[in-house]
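Every chain is numbered from 1 and lettered A, B, ... according to where its sequence line falls, protein lines coming before strand lines.
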2 protein chains.
Amino acid sequence: MVTIRDVAARAGVSQATASRALTGSDSVSAGAVAQVQAAVDELGYRTNRAARSLRTHRTDTIGLLISDVRNPFFSELSYAIEQAAAEQGIAVITTNADERVERQTDSLRALTMQQVDGLIIVPQGGGAFEEISEDIPVVLLDRRVTGADAPVVHSDNRAGSQLMIDHLVGLGHTDIALISGPQATSTGQERFAAAIERLHGHGCGPREDCLVEGDFQLASGYRAATRLLDLPRRPSAIFAGDNLMAFGALQAIREQGLRIGHDVALVSFDDTDWFPLLDPPMTVISQDVHALGMRAFDTLQARMDGQDAQDACLPVRITVRGSCGAGSTALRARRRS
Amino acid sequence: MVTIRDVAARAGVSQATASRALTGSDSVSAGAVAQVQAAVDELGYRTNRAARSLRTHRTDTIGLLISDVRNPFFSELSYAIEQAAAEQGIAVITTNADERVERQTDSLRALTMQQVDGLIIVPQGGGAFEEISEDIPVVLLDRRVTGADAPVVHSDNRAGSQLMIDHLVGLGHTDIALISGPQATSTGQERFAAAIERLHGHGCGPREDCLVEGDFQLASGYRAATRLLDLPRRPSAIFAGDNLMAFGALQAIREQGLRIGHDVALVSFDDTDWFPLLDPPMTVISQDVHALGMRAFDTLQARMDGQDAQDACLPVRITVRGSCGAGSTALRARRRS
DNA sequence: CTCTTCGGTGGAAACGTTTCCATCGGCGGC
DNA sequence: GCCGCCGATGGAAACGTTTCCACCGAAGAG
């Protein structure tokens, strides 16, 4: 293994100067820099990160804790963050917590052991995580959590729910069911509360039996939709709190031989590549997931530089396609009844 | 920061004994271990990985190079590998190369800089990567590449193509188009070659204009399908070389107002969560992606332990749904003509 | 009873950086 | 012409581990 000592010897300078030439921070003569660079090339020197970390207490590595990278929302997030980080020469260690708070604890422990410089966390469940984020910069992503003083980067969930409710009501729906995310999470809670408020604002408060709490996972969406469809008076529209539950609901609807947008409207928070390809395509609230990821990284980097970063709330928009029942005569009739 | 020296002092043993007690490898008395453990708990000691790495030349970190984590195939792979690694206390740094060989080079450089203990690589393009994998254990995943002596973990691509062709021909299709992956990649090449051979075996060799080479990306599938559908004599079935190109092809088919499984059959290599929800659902060759990931990790670990690991070829199976045109009278008529 | 062996331990030397501190010319200001 | 400052450099001390080597006592073999 070729060390910086070898480089220094080859370049005819001291170890200290070689180091300075390589890190580029301190004052070194142009001549020395050239000598050192030449020596590096000749010898094929590569700096040993472990040794550097030991001295500098930095690893140029950050941790990313998400629920499940197989969920398109998190894939995109993870992709965006990796891109942003790579540009700055920072590596990303990703862990999946599967919406389980104990796995979050394990992961965070492992990540801090790995000596990451910072942490981007999508908090699992409602659990607060004391002990963990002792003195390492943290940014919360997508969800907020009580008792953490870290900045939060998230989408405007309330606005999203409002846009969707307005749209559904505008189409004539008055009997709207909600499959909400877990009320222990801020996203689940905000989306749900805002939707309820808006429904009341429109004078069509929801029926009690049309409000089902899921857990953001596919199976819960399936169960919820099954229950909703079995109701004596079937709701005319179902608004799912995330793409996975919408997916589950879609399966349930299909299974009962019903068609979305015709027999029952189905709309969702979060877009997905293939939602446009459904028949009819799915009306959704789209988050700018890529921006969310990049913003989270920028915020983390600001914090790592010692600046105190602000929360960020990114706008969402509604993408109207067909599953909301616009243009369906059958649903129109049902809506009138 | 509390060091192992502090722990040793508190436990009333030497630094050396404390270290031995913690790593658990060497011979230490049970009493000493207990003392040290107690001291660790009291002081809240956490071992400094950088210092350990500096001595041991290990980082307990591996690198994973994939094309794009937003592709469900790679999400699943990435998930499986992270799970397997976490169980062994190993962290995974993931990078996306976007099927671009220059980004692969950059990523590998970054990963080796990070001093990873091993590398799982899905090779991009056809590019060989000399210089990189000097003395660090590497496992190739999904695709093989010329001139690398690393073990390869992959699915049985040839069998997959054969299964699908047999099935299509069995349904009466004689006019089958192929949207292949890039012939520079082993997967693209094997799947294509096996399909061609099998077609000839059935006595229905493909038309020249029904063979289109894509690049595993969505857009290329779209373009290819568009071209195929515009042919004077439209093929009765299209076999896409991966899920992304199938997705693109699906968009093209939809755009022309055609229905899969009725006007034209569409089948694909790789399954996806939502393929079953298409109308009709998509017939595919399913790989056991989770097993692929776990196997890759196991193989890498074997190599890191100095054992020389074998290539692994995992079986695939065909999942017959509706998009192949089974049960469609319209397509049956076309097939007869 | 002596010699060897062996489990358990401590001292101290690495591992490869960064950086503090000191040194040394040279140059501008007085 | 001298003093002080400043840019450039070198020596050497950390950073927190693991592990080599040496040592000690007890136990087993002869």
Side-chain angles (χ1 to χ4, degrees), chain A residues 1-40 43-61 89 91 112-117 134-136, chain B residues 1-40 43-61 89 91 112-117 134-136:
Chain A
M1 167 170 272
V2 32
T3 81
I4 204 173
R5 234 178 283 264
D6 304 328
V7 171
R10 176 72 161 230
V13 299
S14 79
Q15 192 184 159
T17 307
S19 171
R20 281 189 272 253
L22 285 175
T23 55
S25 55
D26 257 326
S27 59
V28 205
S29 69
V33 170
Q35 302 267 12
V36 169
Q37 190 50 54
V40 164
L43 270 47
Y45 166 79
R46 331 192 67 162
T47 120
N48 180 328
R49 299 289 270 247
R52 170 177 293 179
S53 294
L54 182 55
R55 271 300 295 200
T56 60
H57 298 286
R58 291 186 309 104
T59 54
D60 293 332
T61 303
T112 50
M113 292 243 81
Q114 284 288 341
Q115 226 97 11
V116 293
D117 292 340
E134 290 152 7
D135 37 18
I136 145 174
Chain B
M1 168 168 270
V2 32
T3 82
I4 203 174
R5 232 179 284 264
D6 305 326
V7 170
R10 176 74 160 229
V13 298
S14 78
Q15 191 183 162
T17 306
S19 171
R20 281 189 273 253
L22 287 175
T23 55
S25 55
D26 255 327
S27 61
V28 205
S29 69
V33 169
Q35 302 267 12
V36 169
Q37 190 51 54
V40 164
L43 271 46
Y45 166 79
R46 332 191 67 162
T47 120
N48 181 328
R49 301 289 270 247
R52 170 176 293 178
S53 295
L54 181 56
R55 269 301 293 201
T56 60
H57 298 289
R58 291 187 307 105
T59 55
D60 293 332
T61 303
T112 49
M113 293 244 81
Q114 284 288 343
Q115 225 97 13
V116 292
D117 292 340
E134 290 151 6
D135 37 15
I136 143 173

Residue closer to the 5' end of DNA chain C, Ala30(B) versus Arg55(B) (nearest nucleotide)
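Comparing both residues, the 5'-ward one is Ala30(B).
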
Pairwise 5' ranking along DNA chain C for Asn48(A) and Thr17(B), keeping only the more 5' one:
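So the residue in question is Thr17(B).
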
Provide the closest heavy-atom pair for [X] versus [Y] in the form atom of the first, atom of the second, distance.
| X | Y | value |
| --- | --- | --- |
| Ala18(B) | Val36(B) | CA-CG2, 4.0 Å |
| Leu54(B) | Leu54(A) | CD2-CD2, 3.3 Å |
| Arg49(B) | Met113(A) | CG-O, 2.7 Å |
| Asp6(B) | Met1(B) | OD2-O, 4.0 Å |

May I ask you to decide if Ala50(A)'s main-chain N or O and Ser53(B)'s side chain share a donor-acceptor pair within less than 3.5 Å?
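Here the side-chain-to-backbone pair does not exist.
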
Should Asn48(B) and Thr3(B) count as side-chain neighbours, where that means a heavy-atom distance under 4.5 Å?
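The answer is no, as the side chains (C-beta and beyond) never meet within the 4.5 Å cut-off.
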
Span of DNA chain C, from the first to the last nucleotide whose atoms fall under 4.0 Å of chain A heavy atoms
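Extent of the interface on DNA chain C: dG16(C) to dC20(C).
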
How would you label the contact of [X] with the nucleic acid (heavy atoms, under 4.0 Å): base, sugar-phosphate, or nothing?
| X | value |
| --- | --- |
| Thr56(B) | sugar-phosphate |
| Ser29(A) | sugar-phosphate |
| Ser27(A) | base |
| Arg49(B) | nothing |
| Thr23(B) | sugar-phosphate |
| Ala32(A) | sugar-phosphate |

Could you give me the CA-CA distance, side-chain angles and deciding distance for Gln15(B) and Ile4(B), then say whether side-chain contact (heavy atoms from CB on, under 4.5 Å) is met?
CA-CA 7 Å; Gln15(B) 191 183 162; Ile4(B) 203 174; 3.9 Å; yes

Take Thr47(A) and Arg52(A), measure what side-chain contact (heavy atoms from CB on, under 4.5 Å) needs, and give me the verdict at the end.
CA-CA 8 Å; Thr47(A) 120; Arg52(A) 170 177 293 179; 3.7 Å; yes

All side chain to side chain donor-acceptor pair (under 3.5 Å) counterparts of Arg58(A), not counting sequence neighbours:
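With sequence neighbours excluded, Arg58(A) shows a side chain to side chain donor-acceptor pair (under 3.5 Å) to Asp60(A), given in chain and number order.
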
Hey, what bend do you get for the helix from dC1(C)-dG30(D) to dC30(C)-dG1(D) if you fit axes on five pairs at each end, rounded to 10°?
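Both end axes considered, the difference amounts to 30°.
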
5'-most contact on DNA chain D: Ala18(A) or Thr3(B), nearest heavy atom basis?
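Mapping each residue to its closest nucleotide by heavy atoms, the 5'-most match is Ala18(A).
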
